[in-house]
Amino acid sequence: MINRSGAGAGRRLAARLPWALLALLLVAGMAGAAWVNVRTVKGAKRAMVDVDGKARVYWQLDKGGAMKASVNGPAVLRVVARAPWRSKLKGKENLISWNLDGQPGGTLRLPMVRSRTVHLQPPKEAPEFATPAKWPRLSASITEEIRIPYGTHDISFQTEGLLSENVFLRLQSKALQPMPKGGTVDLLPRGGGATRNIAVQDKRATYQVLASGSELQLDVTGPTVVKVISRLDWNTTMTGQQKYQLKVHEDGLLKNTWVLRGRRSTAATYVGKDNTMPARGEVIYIEVPAGRHQYAVKFQDSGREVNLRFLMPREALRHSGS
């Protein structure tokens with residue numbers, strides 16, 4: 001397997017972040033986080049690839065096509081690319097360009113190198129499915145890592161310059177956790193509001209209730225990061241994943257939009273409230289630049305409520321005078 005770093009293009013995107021926060025992401029964010037498959041992709045077909053006897057999920061992007069996925073940041077997106085092996089293409093390169101939110105990001109250069117252990121699994125109805133030795137062979141891979149800034153961002157891949165009839169991309173993301181050591185404290189919204197106590201095993205915490213069409217306002221002094229734990233109010237009619245959005249405005253202007261997916265929790269419960277339950281916690285981070293700023297967190301989803309907990313590094317809160 002050929003591995004290359006995508007740091008060149010990724011660094012150009014990451015340069016938008018203050019250098020201190022970027023250092024925090026690199027040092028603290030990668031530790032302990034897990035790679036998760038990107039499950040929803042538009043413009044490509046799902047494909048199963050056998051890598052050293054293990055099945056892996058890839059996305060088949062045909063020549064002349066484009067595919068798009070949404071990723072919540074801050075995160076790192078890992079892209080593994082392969083193409084069907086053709087001896088006539090040996091030594092040549094397939095080029096796959098990518099952009100973030102419509103802006104050019106970089107190019108994945110996939111040299112055609114033979115792999116002896118990687119094959120494409122045909123559909124089960126195909127005659128050769130029962131004979132692994134006949135499965136189509138794929139090339140060796142290249143790996144790029146692209147840094148995704150704060151918020152929800154659309155990343156797309158185009159096959160301009162593709163020599164093969166198609167290419168196979170594996171997409172995995174790893175959430176960065178930019179909270180420094182030294183502990184955190186709760187950040188309370190301006191003016192208070194309704195709250196709920198939520199217990200997870202033997203730990204309890206107070207969450208702010210945000211109803212559909214409402215907002216919570218925060219005053220924060222940066223540079224710092226605010227960690228937001230979001231739990232959808234879950235009832236017995238909900239199944240699977242429940243998609244919802246949180247929008248964050250900074251000083252009156254839209255800063256970020258996060259697309260979240262609520263899931264039923266098996267560990268969290270409300271204290272003194274039995275008719276519904278809190279969903280699993282989804283975590284987002286708000287990057288706060290230097291100076292004093294006003295934030296509005298908005299939720300627009302008819303008939304539902306979300307529970308939010310805001311956390312700040314203890315030292316940043318002490319220095320902010322909040």
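Every value quoted in this text rests on a predicted model; they were computed, and no experiment measured them.
Rounding to the nearest 0.5 Å places NZ of K227 at 7.0 Å from OG1 of T184. Interatomic distance, CD of E215 versus CG of L246, reported as 12.5 Å (0.5 Å rounding). In this structure, CG on L232 lies 13.0 Å from CZ on R261, to the nearest 0.5 angstrom. Rounded to the nearest 0.5 angstrom, H153 NE2 and R147 CZ are separated by 14.5 Å. Expressed to the nearest 0.5 Å, how far CZ of R109 lies from OG of S97 amounts to 11.5 Å.
Counted by atom type alone, R82 and S139 present zero donor-acceptor pairs between their side chains at under 3.5 Å. T276 and N235 share no side-chain donor-acceptor pair at under 3.5 Å. A donor atom on one side chain and an acceptor atom on the other are not found under 3.5 Å apart for R304 and Y244.
Here the side chain of S212 pairs a donor or acceptor atom with the backbone of D301 at under 3.5 angstrom. Of the possible polar contacts, one joining the T152 side chain to the T257 backbone as a donor-acceptor pair under 3.5 Å is found. Remark: the backbone N or O of G64 is paired with a side-chain donor or acceptor of T159 at under 3.5 angstrom. A donor-acceptor pair is defined here as one N or O able to donate and one able to accept, closer than 3.5 Å; no such pair exists between the side chain of W59 and the backbone of V167. A donor-acceptor pair under 3.5 Å is formed between the side chain of D251 and the backbone N or O of Q294. With N94 contributing its side chain and A83 its backbone, the two residues share no donor-acceptor pair below 3.5 Å.
Applying the side chain to side chain contact (heavy atoms under 4.5 Å, CB included) rule to A290 yields the partners P223; only residues at least two apart in sequence or on another chain are considered. Judged as a side chain to side chain contact (heavy atoms under 4.5 Å, CB included), and not counting sequence neighbours, the contacts of P189 are Q208, L216, L218.
Heavy-atom minimum distance, A140 versus L110: O-CD1, 3.8 Å. Closest approach of Y150 to P74, counting heavy atoms only: CD2-CD, 3.7 Å. Closest non-hydrogen pair, V248 versus Y295, comes out as CG1-CD2, 3.9 Å. Heavy-atom minimum distance, A268 versus I198: CB-CG2, 4.2 Å. Contact record, L171 with A69: CD1-CB, 4.4 Å, taken as the closest heavy-atom pair. In terms of heavy atoms, A279 sits closest to R231 at O-NH1, 3.0 Å.
Side-chain contact between M48 and V57 is present, with heavy atoms from C-beta onward closer than 4.5 Å. Using a 4.5 Å heavy-atom cutoff, the side chains of I284 and S230 are not in contact. Between I96 and L169 the shortest side-chain heavy-atom distance falls below 4.5 Å. Considering only heavy atoms from C-beta on, P313 stays 4.5 Å or farther from V225 through its side chain. In this structure the side chain of P84 reaches within 4.5 angstrom of the side chain of E165, judged on heavy atoms. Residues N256 and I286 have side chains not in contact (no heavy-atom distance under 4.5 Å, counting atoms from C-beta outward). Side-chain contact between R280 and W234 is absent, with no heavy atoms from C-beta onward closer than 4.5 Å. With a 4.5 Å cut-off on side-chain heavy atoms, M112 and S164 count as touching.
Hydrophobic clustering (side-chain heavy atoms under 4.5 Å, transitive across Ile, Leu, Val, Met, Phe, Trp, Tyr) groups M277 together with M238. When the side chains of ILVMFWY residues are joined at heavy-atom separations under 4.5 Å, either directly or via intervening members, I229 and Y285 end up in a single hydrophobic cluster. The hydrophobic clustering, which links ILVMFWY residues whose side-chain heavy atoms are closer than 4.5 Å, places V41 and L77 together. W85 and Y58 are assigned to two separate hydrophobic clusters, defined by single-linkage of ILVMFWY side chains at heavy-atom distances under 4.5 Å. Linking ILVMFWY side-chain heavy atoms closer than 4.5 Å, directly or via other members, places L308 and V209 in two distinct hydrophobic clusters.
Screening residues 36-50 for side-chain hydrogen bond (donor to acceptor under 3.5 Å, both in side chains), with sequence neighbours left out, gives N37-Q172. Applying the side-chain hydrogen bond (donor to acceptor under 3.5 Å, both in side chains) definition to pairs two or more places apart or across chains, those involving residues 263-272 are D233-Y270, R263-E282, Y270-N307. Sorted by first and then second residue, the salt bridge (Lys or Arg N to Asp or Glu O under 4.0 Å) pairs with a member in residues 56-81 read R78-E145; sequence neighbours excluded.
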With a 3.5 Å cut-off and sequence neighbours excluded, list the donor-acceptor pairs that the side chains of residues 119-137 form with protein atoms.
{"from": "W135", "atom 1": "NE1", "to": "E128", "atom 2": "O", "distance (Å)": "3.3"}
{"from": "W135", "atom 1": "NE1", "to": "F129", "atom 2": "O", "distance (Å)": "3.2"}

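Considering R190, H293, R292 in turn, R190 is the only one that fulfils the side-chain hydrogen bond (donor to acceptor under 3.5 Å, both in side chains) rule with D219. Each of T206, D186, T195 was compared with R309 under the side-chain hydrogen bond (donor to acceptor under 3.5 Å, both in side chains) criterion, and only D186 meets it.
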